[in-house]
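Contents: one structure, followed by commentary.
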Amino acid sequence: MLQNLLERKRGIIFGALNDKSIAWKVAEKAKEQGAIFTLSNTPAACRMGEVIELSKRTGAELIPADATSVDDLKNVFEKSQEILGGKIDFVLHSIGMSLNVRKKREYTNLDYNFLGKTLDISAISFHKMLQVAYQMDAISEWGSVVALSYVAAQRTFDGYNDMADAKALLESIGRSFGYIYGHERHVRINTVSQSPTATTAGSGIQGFGGLMDFSDRMSPLGNATADECANFVVTMFSDLTKKITMQNLFHDGGFSSMGMSARAMEQYNKSFEGKE
């Protein structure tokens with residue numbers, strides 16, 4: 001990767017929890033590329049300790065916030081501009097959680113209160129984040145906002161449950177706000193649809209290990225890792241991608257364009273061995 005892609009750029013990274021988090025990797029890469037930024041996660045996550053270590057390592061101040069709270073988000077953008085000394089150049093939304101998934105509720109038996117929380121945390125928080133930034137005029141011209149998504153927004157995956165609905169809404173918000181923010185202030189907004197990645201949140205999906213193996217066998221280039229995703233996101237934050245907006249960008253080794261691969265078919269056929 002080119003060096004100093006984010007030199008003199010200021011950012012906010014939402015959602016780093018531990019060293020398995022894509023947001024954690026993005027923070028490390030952004031630091032390597034010359035950026036200064038703040039970190040934000042829920043108050044409970046900030047008390048867990050690991051994100052405090054990331055804060056120390058990157059020199060990034062940690063600002064606890066509930067991303068579903070408009071007041072908390074206003075505080076993050078206000079404080080970040082004060083700490084960093086100006087408007088924000090890049091923002092990462094790496095936030096997702098489903099109580100229905102955690103409680104193993106089937107899609108045909110959702111708890112609708114849980115569903116509301118899933119949508120609020122995993123998607124509507126993105127709208128709130130963008131609306132707060134827009135109304136505060138907190139993002140600089142040609143700034144870049146990226147949210148992490150998954151191909152389940154377009155295709156059905158057993159066990160992904162109501163998170164699929166949340167990701168579809170997330171991507172729609174990116175397009176709708178991307179149009180307004182783009183033509184009015186030259187701020188670009190994109191979503192990145194990443195390969196299944198063994199993060200703390202991802203690993204909670206039913207049958208996640210099998211999903212990762214299947215995706216890897218299907219993808220011509222194999223699954224994209226969290227580190228590779230971080231490199232891609234940093235590129236999206238940089239001036240190299242100034243005219244990319246309103247896109248859902250698949251960073252998945254080619255999985256999203258495949259029907260069936262030889263490796264996946266070979267494994268599938270093995271399941272019939274010994275059967276009549």
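In the hydrophobic clustering of this structure, Val51 does not group with Ile95; members are Ile, Leu, Val, Met, Phe, Trp, Tyr whose side-chain heavy atoms approach within less than 4.5 Å, directly or through other members. Under a hydrophobic clustering in which Ile, Leu, Val, Met, Phe, Trp and Tyr are joined whenever their side-chain heavy atoms come within less than 4.5 Å, directly or via other members, Phe214 and Met265 fall into the same cluster. Hydrophobic clustering of Ile, Leu, Val, Met, Phe, Trp and Tyr side chains at less than 4.5 Å, counting indirect connections, keeps Leu6 apart from Val187. No continuous path of ILVMFWY side-chain contacts below 4.5 Å connects Phe14 to Ile22, so the two sit in separate hydrophobic clusters. In this structure, Phe114 is not a member of the same hydrophobic cluster as Tyr160, with clusters built from ILVMFWY side-chain heavy atoms closer than 4.5 Å.
Under the 3.5 Å distance criterion, with hydrogens and angles disregarded, no donor-acceptor pair is assigned to the side chains of Tyr107 and Asp158. Side chain to side chain, Thr191 and Glu171 fail the donor-acceptor criterion of an N or O pair below 3.5 Å. Of the N and O atoms on the side chains of Ser80 and Thr38, at least one donor lies less than 3.5 Å from an acceptor on the other residue.
Scored by the salt bridge (Lys or Arg N to Asp or Glu O under 4.0 Å) test, Arg155 finds no partners at all (sequence neighbours excluded). Contacts of Lys9 classified as salt bridge (Lys or Arg N to Asp or Glu O under 4.0 Å), with partners at least two apart in sequence or in another chain: Asp239. With sequence neighbours excluded, no residue satisfies side chain to side chain donor-acceptor pair (under 3.5 Å) with Asn190. Applying the salt bridge (Lys or Arg N to Asp or Glu O under 4.0 Å) rule to Arg57 yields the partners Glu28; only residues at least two apart in sequence or on another chain are considered.
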Side chains of residues 254-262: which donor-acceptor partners sit under 3.5 Å, not counting sequence neighbours?
residue, atom, partner, partner atom, Å
Ser256, OG, Asp252, OD2, 2.9
Ser261, OG, Arg217, O, 2.7
Ser261, OG, Ala264, N, 3.1

Report all side-chain donor-acceptor pairs from residues 122-131 shorter than 3.5 Å, counting only partners two or more places apart or in another chain.
residue, atom, partner, partner atom, Å
Ser122, OG, Met97, N, 3.0
Ser122, OG, Met97, O, 3.2
Ser122, OG, Thr118, O, 3.0
Ser125, OG, His93, NE2, 2.9
Ser125, OG, Ile121, O, 2.6
Lys128, NZ, Thr68, O, 2.7
Lys128, NZ, Asp120, OD1, 2.9

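Between Asp137 and Lys87, the closest side-chain pair of non-hydrogen atoms falls below 4.5 Å. For the pair Val132/Val70, a side-chain contact is recorded, criterion being any heavy-atom separation below 4.5 Å from C-beta on. Considering only heavy atoms from C-beta on, Leu92 comes within 4.5 Å of Val233 through its side chain. The shortest side-chain heavy-atom distance between Lys29 and Asp227 falls under the 4.5 Å cut-off. Counting heavy atoms from C-beta on, the side chains of Leu62 and Ser40 never come closer than 4.5 Å. Using a 4.5 Å heavy-atom cutoff, the side chains of Phe232 and Leu249 are in contact. Between Ile244 and Ser144, every side-chain heavy-atom pair lies at or beyond the 4.5 Å cut-off. Lys243 has its side chain within reach of Trp142: a pair of non-hydrogen atoms, C-beta onward, lies under 4.5 Å apart.
At least one donor-acceptor pair under 3.5 Å links the side chain of Thr241 to the backbone N or O of Thr235. Looking at Asp72, its side chain never comes within 3.5 Å of a backbone N or O of Ala67 through a donor-acceptor pair. At least one donor-acceptor pair closer than 3.5 Å links the side chain of Gln81 to the backbone N or O of Phe77. No donor-acceptor pair closer than 3.5 Å links the side chain of Gln194 to the backbone N or O of Tyr150. Although no hydrogens or angles enter the test, the distance criterion places no donor-acceptor pair under 3.5 Å between the side chain of Lys31 and the main chain of Val26. No donor-acceptor distance shorter than 3.5 angstrom exists from the side chain of Ser172 to the backbone of Ala168, with no hydrogens or angles considered. Within the 3.5 Å criterion, the main-chain N or O of Met212 finds no donor-acceptor partner in the side chain of Ser215. For Ser98 (side chain) and Val101 (main-chain N/O), a donor-acceptor pair under 3.5 Å exists by modelled atom type. In this structure, Asn4 contributes its side chain and Gly34 its backbone to no donor-acceptor pair below 3.5 Å. Remark: side-chain polar atoms of Ser21 are not paired, donor with acceptor, to backbone N or O of Ala23 under 3.5 angstrom.
Both tests hold for Arg185 against Tyr134: distance to the six-membered ring centre under 6.0 Å, angle to the ring axis within 45°.
Atoms CD1 and CE, from Ile180 and Met246 in turn, are 9.5 Å apart once rounded to the nearest 0.5 Å. From Ile63, atom CD1 reaches atom CG of Asn41 across 12.0 Å, with rounding to the nearest 0.5 Å. The structure places OG of Ser55 at 6.0 Å from CG of Leu39, a figure rounded to the nearest 0.5 Å. Note: Leu73 CG to Met136 CE = 10.0 Å, rounded to the nearest 0.5 Å. Atom OG of Ser193 is separated from atom CD of Gln247 by 13.0 Å, given to the nearest 0.5 angstrom. Between Ile173 atom CD1 and Leu169 atom CG the span is 4.0 Å, to the nearest 0.5 Å.
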Going through the distances and angles, do Asp89 and Ser140 end up as a side-chain hydrogen bond (donor to acceptor under 3.5 Å, both in side chains)? CA-CA 6 Å; Asp89 298 302; Ser140 60; 2.5 Å; yes
Could you go step by step and tell me if Thr42 and Asp66 meet the side-chain contact (heavy atoms from CB on, under 4.5 Å) rule? CA-CA 5 Å; Thr42 64; Asp66 175 355; 5.5 Å; no
Just do the side-chain contact (heavy atoms from CB on, under 4.5 Å) check on Phe237 and Leu5 with the steps written out, would you? CA-CA 8 Å; Phe237 289 158; Leu5 284 178; over 6 Å; no
Would Gln3 and Glu32 count as a side-chain hydrogen bond (donor to acceptor under 3.5 Å, both in side chains) if you check the C-alpha gap in whole Å, the side-chain angles of each, and the deciding distance to 0.1 Å? CA-CA 8 Å; Gln3 295 302 307; Glu32 289 175 11; over 6 Å; no
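The shortest heavy-atom contact between Ser195 and Gly253 is OG-N, 4.3 Å. Shortest non-hydrogen contact noted between Arg10 and Gly85 is NH2-O, 3.2 Å. Shortest non-hydrogen contact noted between Ser94 and Leu148 is OG-CD1, 3.3 Å. Residues Glu228 and Asn223 share a closest heavy-atom pair of OE1-O, 4.0 Å. For Asp19 against Glu50, the heavy-atom pair with the smallest separation is N-OE1, 4.3 Å. Contact between Val192 and Cys229 at its shortest, heavy atoms only, is CG1-SG, 4.4 Å.
Between Val91 and the choices Ile189, Val146, Ile139, Ile13, the side chain to side chain contact (heavy atoms under 4.5 Å, CB included) rule is met once, by Ile139.
Salt-bridge formation is not detected for the pair Arg105/Asp162: no Lys NZ or Arg NE/NH1/NH2 atom is positioned less than 4.0 Å from an Asp or Glu carboxylate oxygen.
Residue-environment remark: NZ (Lys117) stays at or below the threshold of 12 foreign heavy atoms within 6.0 Å.
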